[in-house]
Amino acid sequence: MASMTSSSSSFGNSIFLPTPTASDNLVRNIPFCFETIPFSKHKVRRLTITNVATPLRPTSPPPADKEIEQRKLSSHAAWTSVRQERWEGELDVQGTIPLWLNGTYLRNGPGMWHIDDYTFRHLFDGYATLVKLHFENGRVIAGHRQIESEAYKAAKKNKKLCYREFSEVPKQDNFLSYVGELASLFSGSSLTDNANTGVVKLGDGRVVCLTETQKGSIIIDPNTLDTLGKFEYSDCLGGLIHSAHPIVTETEFLTLLPDLVKPGYLVVRMEPGTNERKVIGRVDCRGGPAPGWVHSFPVTEHYVIVPEMSLRYCAQNLLKAEPTPLYKFRWHPNSKAFVHVMCKTSGKVVVSVQVPLYVTFHFINAYEERDEDGRLTAIVADCCEHNADTTILDKLRLHNLRTLMGQDVLPDARVGRFTIPLDGSPYGKLDAALDPNEHGRGMDMCSINPAYLGKKYRYAYACGAQRPCNFPNTLTKIDLVNKKAKNWYDEGTVPSEPFFVARPGATEEDDGVVISMVSEKSGDGYALLLDGATFEEIARAKFPYGLPYGLHGCWVPNK
C-alpha cells in the first residue's frame, strides 16, 4: 500500500520496464467484471464494465520463449503502449469520493509508442491518448481514446511514421524524397499535429488538446472524447510553434510565439469565443542565435514573464534525420540566460534581467512582491528547475525509462525561485525555494489552486522522487511558507501530474482534492484521490487494464 511521509528517504526499488512488441497491437474486446473487495471500512460497489473497443483482430501466434521471458521482466504499464483505441466503463471505488466533486478530469499524453512493429525512441514521441475520469455522486466513469490527429491516422493507415515527431523523422526512400521532405518542413506541412502534451478548457467552453506545433491544436468532446476537428487560428501571425502551455482563464488565452528568424517572442492574447490571437507585444532575445525553449511561462496579475533559457531552438538539429542528445535544441551557456517582464496592458517590456543558467520545462506560478506601502518591488516566479542540467531530455528516452528503473539516475531538480528586481538592477536571483531533499531532489509536473494564478500563494502539488529512481515516482505537496513537503509514495508505481480541484466555496488555499493516475509495475493502474490539505489518500479506483504514463490535464465542471 501507499505510504506518506513528511520528507523523502532513500531505499531500494528494483523494477523492470517493458519493450513493446508487435503483439501490443492486439485489441482486446473482453468485458470486465469486478467483485466487491474490502478496503478499510468503506463500501465498494460491484459492477460490470463493458468494453467498447474496436473489433478484435486476429490473434498472433504464441510468442517465443525469449519474448515470454522479456514480458515477465517488462510489465510496467507506464511505458507500455495502450492496447485499445478506446474504452469506457465505471470503476470500483475503494474509499470515499467527496459528493461535491462533480465534473470531468481530462488527462492528455503520449500513449502509443509504436507503429506496427516499430518502436519510438522518446517519451514525447507517442501518439496522444486522452483519458477521462467523470465524477458524479460519488461514482467514477472512466475512459480513454486515441486523439485522431492527421499524424496518427496516417501512421495507422500506412503502418509507418508519416510526420516529424519530437525525435522521430519519417524514413525516406531516396535522396530526392528526402529533399522534398525538407522543403515541406520549412512550410510546416511535415511537422506533426500529434496533440499529445496538454488539454485546456477555453473560456467559451471549448476543450482543446495541444502540443508545441501550432497545427497540433485539436478540439475534442470532453464527454465522448471524440476528436471534433482542428482548432484553426484565424489571424495572420504565422509561425510553426508556440508554448505548449498557454495561460488559460475564463477571460483570456495567453501564449508565446517564438520567432526563429529574428530571435525573440511574440506575446499574444485570444479572447473567449474567437480564434484570433492579437499581439500584446514583442520581446527581443538578449543572447544566442535563437530564442530559448519556452515550453511554459508564468504570469502575474499585471505582467507576463518571458523566460529566455540558454537551451535554445536549433534549426540545424531540426533538419537532421537522426536525433542529437538535445534533439531540436542546443545548449548555449555562453549566451547567458535572461528573464523578461512585459506589461499585459501596454505590451511594454518593463525589465529584462540576467539570471543564473537554468533548465525548466514547467513554471509553477508567479506573483508581484510589494513593500509595506504597496509599491511594487520585485517579481517572484517559481519553476521546476533541473539545476541547469540538460541531460534530463535524454534521460526521457524510452530505453532508459524501461531499463534503468531502480537505478538512481534521475537528475536532481528543485523548486527554482526567480527574484526579478524592479529597481533597475541588471541581475536577478535564482535560488531553491526550499531544501530539495524535502521532495527527494525530484520536481516536475506541477499544479496549484487556480484561484491563486498570478497571486501570492503557499502550496504547490508536483511529482517528486523516492530514490533510487530514474523517473519521478512520488506525489508531493510543497509548503512554500514552512518550506516543507509531504510525500505520497506507493512502491513500484509511476504517478502522473497531481491535479488540484478546489472544493466549491472553499476559503483555504488547500481545501480540495488532488487527482492523479497511477501506473503500476504489475501492468495495472488506478485513479487516486488525495485530500488537498492532509495529503492523505481518500479514494482510489482501479482500472481493468494498465494506462501508460500521461502528461497534463484540466478540469471540466458539470454544467
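All values derive from a computational prediction rather than experimental measurement.
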Would you sort out whether R145 and Q84 count as a side-chain hydrogen bond (donor to acceptor under 3.5 Å, both in side chains), showing the intermediate values? CA-CA 8 Å; R145 185 162 184 174; Q84 303 157 281; over 6 Å; no
By side-chain hydrogen bond (donor to acceptor under 3.5 Å, both in side chains), which residues pair with H332, not counting sequence neighbours? none
Salt-bridge test for D412 and R467: reply yes if a basic N is under 4.0 Å from a carboxylate O, no otherwise. yes
Pairwise distance CD(E491) to CG(N473) - rounded to 0.5 angstrom: 10.0 Å
E148 and K156 ion-paired at < 4.0 Å: no
Of all residues at least two apart in sequence or in a different chain, which pass the side-chain contact (heavy atoms from CB on, under 4.5 Å) check with S217? V208, L210, F231, Y233, H242
Lys/Arg-Asp/Glu bridge criterion (N-O < 4.0 Å) met for K230, D193: yes
With sequence neighbours left out, write down each residue that passes side-chain contact (heavy atoms from CB on, under 4.5 Å) with A142, or none if nothing qualifies. W87, L91, L133, F543
Worked verdict on S335 versus R312 for side-chain hydrogen bond (donor to acceptor under 3.5 Å, both in side chains): CA-CA 10 Å; S335 73; R312 299 179 182 274; 2.9 Å; yes
Does a donor on one side chain and an acceptor on the other come within less than 3.5 Å for N194 and T192? no
Check for me whether the distance between the ring centres of F471 and W79 falls short of 6.0 Å. yes
Consider side chain to side chain donor-acceptor pair (under 3.5 Å). Of E385, H439, H386, which one does R414 pass it with? E385
Carboxylate-amine/guanidinium proximity below 4.0 Å for K157 and E150: no
side-chain hydrogen bond (donor to acceptor under 3.5 Å, both in side chains) for R402 and N470? Distances and angles first, verdict last. CA-CA 10 Å; R402 289 168 175 157; N470 73 330; over 6 Å; no
Listed partners of Q146 passing side-chain contact (heavy atoms from CB on, under 4.5 Å), at least two apart: V82, E85, M112, Y127, T129, Y152
Should the pair F499 and Y105 be assigned to parallel (<30°), tilted (30 to 60°) or perpendicular (>60°) ring geometry? tilted
If the condition is ring-ring contact (aromatic ring centres under 6.0 Å, His included), which residues does Y358 pass it with, not counting sequence neighbours? F418
P263: side-chain contact (heavy atoms from CB on, under 4.5 Å) partners, not counting sequence neighbours: C285, P291
Judged by modelled atom types alone, do H114 and S81 share a side-chain donor-acceptor pair under 3.5 Å? yes
Evaluate the criterion side-chain hydrogen bond (donor to acceptor under 3.5 Å, both in side chains) for residue pair E168 and Y118; output intermediate values, then yes/no. CA-CA 11 Å; E168 301 283 344; Y118 178 76; 2.8 Å; yes
Residues R397 and D394 bridged, charged N to O under 4.0 Å: yes
Over 60° means perpendicular and under 30° means parallel, so classify the ring planes of Y327 and H122, tilted if in between. perpendicular
